[in-house]
Amino acid sequence: MQTGAQEQALALTAAQPTNGREEEVNSDAAMEEEFIWEEYMEETGADAAPHTTFRHVETSLESSFQPGMKLEVANKSNPETYWVATIITTCGQLLLLRYSGYGDDRKADFWCDVMTAELHPVGWCSQNNKTLMPPEAIKEKYSDWTEFLIQDLTGSRTAPANLLEGPLRGKNTVDLIVDGSVLEVRDASDPLLYWPARVVQNIGGRLRLRHAGLTEEHRARDVWLFYLDVRLRPLGWALENSLTLEPPAELKPLRSDSDWQQALQDARVDGQKNPLPLEVFKDHMDLPKHSFRTGMKLEMVSAWEQLQICPVSVTKVYSEIYFQVTLDDLSADATPRSVVCHANSPGILPVQWCLKNGVVLERPRGYEGQDFDWADYLKQTGTEAAPDACFPDTLQTRGFSKDMWLEAVNPRRPEEVCVAQIARARGRLLWLRLEGVPKPLSECIVDVESMDIFPVGWCEANAYPLTPPVKPVRQKQKKIAVVQPEKQLAPSQPAVAAPVKHCQPITMDPGSANGRYCCSKIYVNQRCFSGPYLNKGRIAELPQAVGPGKCTLVLKELLSMLINAAYKPGRVLKELQELEDQSWECQEETLKAKYKGKSYRSTVRIVRLAEQIPDFCRKVCTKLQCCPNLFGPALVTDKCPENCSVQTKTKYTCYYGKKRKLPRAAGGDEAAGAEMAKPPRRRRKRKAIFVQKKRRSSNVDYTPAGSPRDSDEAEDDEDLALQSGSEGTSSEPRDDHTDASSAEVTSSSGRRRPRRAATLRRAFSVGFPAVHETPGSRRRSTRSLSAYNQNSSRYQPQKGPDVKVEEDGGGLLVLDRNPLEWTVDEVVQFINSTDCASLAKIFREQDIDGQALLLLTLPTVQECMDLKLGPAIKLCHQIERVKVAFYKQFAD
């Protein structure tokens, strides 16, 4: 039985000659596709929860170095001497420093790379007999620098030594927690008990912990906690606070007492060999004192029953920080079920909260009345309700609302993170529906401060699997033509070499009744001319052949690959939509294209018969103005018979494509006269407003001249011809930048106006910093349309007369101008040259010049530009590369 996945493999890899036999296959696997958040949200019209609502994730992205920290750094003018400097801001491993004594004067601020600069904690000079000397520029500012340093350093915070030296140098807080790190975990049922645990896995700050004494065979008992959880403490904390070190009660039977003690000693030894830096716990919040007393009643989200809020009672007060609550159970065979809480525990609610928020409150087991009433219940039990002042802010929503999407931990499988939707929001509580989880286990209640919920894209950013929604299967069983190897056929004989013919036509197999609906491989001849629509770099990354398989299946896969390999996929889709021939026996298929935040869908007619494929492929090539042998059943082994390699783009377009009149150079009257005959066309005016997720900049376009996408009018035609939808913030990278052979076109008024390519050349020639990016520094775009055009974004600027591009073997940018001197336009042009081109418009609206660019940090980018986590990280990566290049070239 052939599966859908195998059928798709048949369409993408080489196979033996076919017999065209049709089988019944299961189509479930064929429906499985890679889950992409942007596409899913576009199709469903959903909104993501704002990234700022996830406070624990925001904290985990912050640098270990904080503004205001002091350190000692070598003087630029005299490297043998050192001086104290203050951290002004951070961006990844880059620190913006200011020497002490400059006050608020920022003219001498400078960037340092933590990984390469000579940075030391305060006090290092005195310990190593080094000289502390202020910079020459401010040497005369104070008469007594010793007194100045005493005042300046009093009450200040020094940069940790282990972050400036050794293996932890320059790492963020989350990155300090490595596999094998040892810390102490508080017992879930007793706040006075702790036990060491080792870090097995660190996923963006979410830790998989294994208690000391357990092995891989006990992995089912591993605990998942976020590194900011109050249950986590540094090794030795329990002894310092006179608490008990004892394994959890449910784990004790697994080992003898001597084994547990030996495990404790081993954990202490490991912790001393590789101590976990205390900076990991710098963001842990101190728990406030509570006001609960034994006997008080309250409401709480049940930790034992799904989607229930129940009455509970305070049954024990451990300390001024912790107390115990027990589920109310009035039945005769009641078994106490308790949980440890503190004042900020998620899920504890005051009496009458459910009534005020329209939520059902479960009656205590054994309660005799039909309708539960708190007043009667308190009177019946002789107890009091906990005052509202005992609880955290129950009205705090943190910006969550109904129907928002996020990623959440499955409470029944803590290792699983699922796509989730907020089904209901009431105060601090969120009712989540977990996609991909079978009902009735797919719903849960979480607090807005829960550390088990994450923003959209968190799993992808941390390379962790995300459980996607289960897509409905249209048909469980359907007939699909699966082409299988012919068992009776003799081995294929090697082709006889023919010195004249360089194309090897592949014969179709008409051996069965369905053979005419199946085809052999269709080849992508990557050496052939790709034309003005298709990107040569992306064509080179496509597989050499598609098929064999059912004709419509193979051709649909091939056309989808070509659309994704286009400069502007929407235009290629429009050209394919217009392709038809009365003699063809066709089947309509829906193809999809994405470009500039819009999604285009169109119905394209695809031939069904194998004998019509050569004609179909040739006409598609002609329609796309590329070499007729670019793809088809003929394999070009050496030189293309069309001799397409010697054709220029302009000549080839005129010969094979649409015969268009090419404008002459300056002074030509013929072209002007031809264009004068055309009626004036009114250009659509685009709205200049700030719209989240739809930021696109058309200031820089790297489309080669001669392409039909040179004009905005053609793009407007495309927008009108195809139905489009919002696509998010994805961008279309450009690989090839060819020179514009036609720099001017004639407008309806007879005057010549420059095309975009000519405008772009002038823009680069006025002094835009030349940048070179090596192939090793390319990054995967999380929003690429298919697996075939990944890792194809490489910035290659137009080389004008004043632009110098230098090679750098380390993959770093090389700038020919100081980025501090960049104007807003130059910053916009640089952003346009990266995979963050869709955000360039924001930089222009916010008037961000070179100095402002170097001061941008991840929190600033997220808050001021209102970006999701993924795009913000990508943008900060590009900014950080500029900062590194600036420091390497101009900081000295």
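All of these numbers come straight from a predicted model, not from anything done at the bench.
- Here the shortest heavy-atom pairing between Ile831 and Cys836 reads CG2-O, 3.3 Å.
- Inter-residue side-chain proximity for Phe830 and Leu813 is flagged as met; some heavy-atom pair is nearer than 4.5 Å.
- The heavy-atom pair separating Thr467 from Glu416 by the smallest distance is OG1-OE2, 2.8 Å.
- By the side-chain contact (heavy atoms from CB on, under 4.5 Å) test, Asn462 pairs with Ile203, Trp458, sequence neighbours left out.
- Separation of atoms CG (Asn525) and OG (Ser530) is listed at 12.5 Å; rounding is to 0.5 Å.
- Summarising the geometry, atom CG belonging to Leu562 is positioned 12.0 Å from atom CG belonging to Leu573; distances are rounded to the nearest 0.5 Å.
- Looking only at atom types and distance, the side chain of Trp405 has no donor-acceptor partner in the side chain of Glu435 under 3.5 Å away.
- The line from CD of Gln526 to NZ of Lys536 is 8.0 Å long, rounded to the nearest 0.5 Å.
- The CD1 atom of Ile613 sits 4.5 Å away from atom CD1 of Ile522, with the distance rounded to the nearest 0.5 Å.
- Between Pro543 and Met561 the shortest heavy-atom distance is CD-CE, 3.5 Å.
- Considering every non-hydrogen atom in both Cys528 and Cys644, the closest pair reads CA-SG, 3.6 Å.
- To the nearest 0.5 angstrom, Arg571 atom CZ is 4.5 Å from Glu575 atom CD.
- Between Lys619 and Trp584 the shortest side-chain heavy-atom distance falls below 4.5 Å.
- Between Glu460 and Lys874, none of the side-chain N atoms (NZ, or NE/NH1/NH2) sits under 4.0 Å from a carboxylate O, so this pair counts as no salt bridge.
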Can you list the steps and then say if Lys556 with Val604 is a side chain to side chain contact (heavy atoms under 4.5 Å, CB included)? CA-CA 9 Å; Lys556 182 178 180 181; Val604 176; over 6 Å; no
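- Between Phe631 and Val546, every side-chain heavy-atom pair lies at or beyond the 4.5 Å cut-off.
- Side-chain contact between Leu630 and Val620 is absent, with no heavy-atom pair separated by less than 4.5 Å.
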For Ser560 and Leu591, what are the C-alpha separation, side-chain angles and deciding distance, and is it a side chain to side chain contact (heavy atoms under 4.5 Å, CB included)? CA-CA 7 Å; Ser560 298; Leu591 299 180; 3.8 Å; yes
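- By the 4.5 Å heavy-atom criterion applied to side chains, Arg605 and Asp581 are not counted as neighbours.
- Surrounding CD of Gln544 are at most 12 heavy atoms belonging to other residues, nucleotides or ligands under 6.0 Å away.
- For the atom pair CG of Leu555 and SG of Cys519, the computed distance is 6.0 Å after rounding to the nearest 0.5 Å.
- Checking side-chain atoms of Arg527 against main-chain N and O of Cys640 turns up no donor-acceptor pair under 3.5 Å.
- A donor-acceptor contact shorter than 3.5 Å is absent between the side chain of Glu642 and the backbone of Pro628.
- Not a single donor-acceptor pair under 3.5 Å links the side chain of Lys623 to the backbone N or O of Val572.
- When all heavy atoms are compared, the tightest approach of Cys418 to Leu466 is C-CD1, 3.6 Å.
- Leu875 is not listed as a side-chain neighbour of Thr834, based on a closest heavy-atom distance of 4.5 Å or more.
- Applying the salt bridge (Lys or Arg N to Asp or Glu O under 4.0 Å) criterion to Glu588, with sequence neighbours excluded, gives no partner residue.
- Looking at every heavy atom in both residues, Ile563 comes nearest to Pro569 through O-CB, 3.3 Å.
- Contact check for Val607 versus Asp615: no side-chain heavy atoms found under the 4.5 Å cut-off.
- For the pair Tyr523 and Val636, the minimum side-chain heavy-atom distance is 4.5 Å or more.
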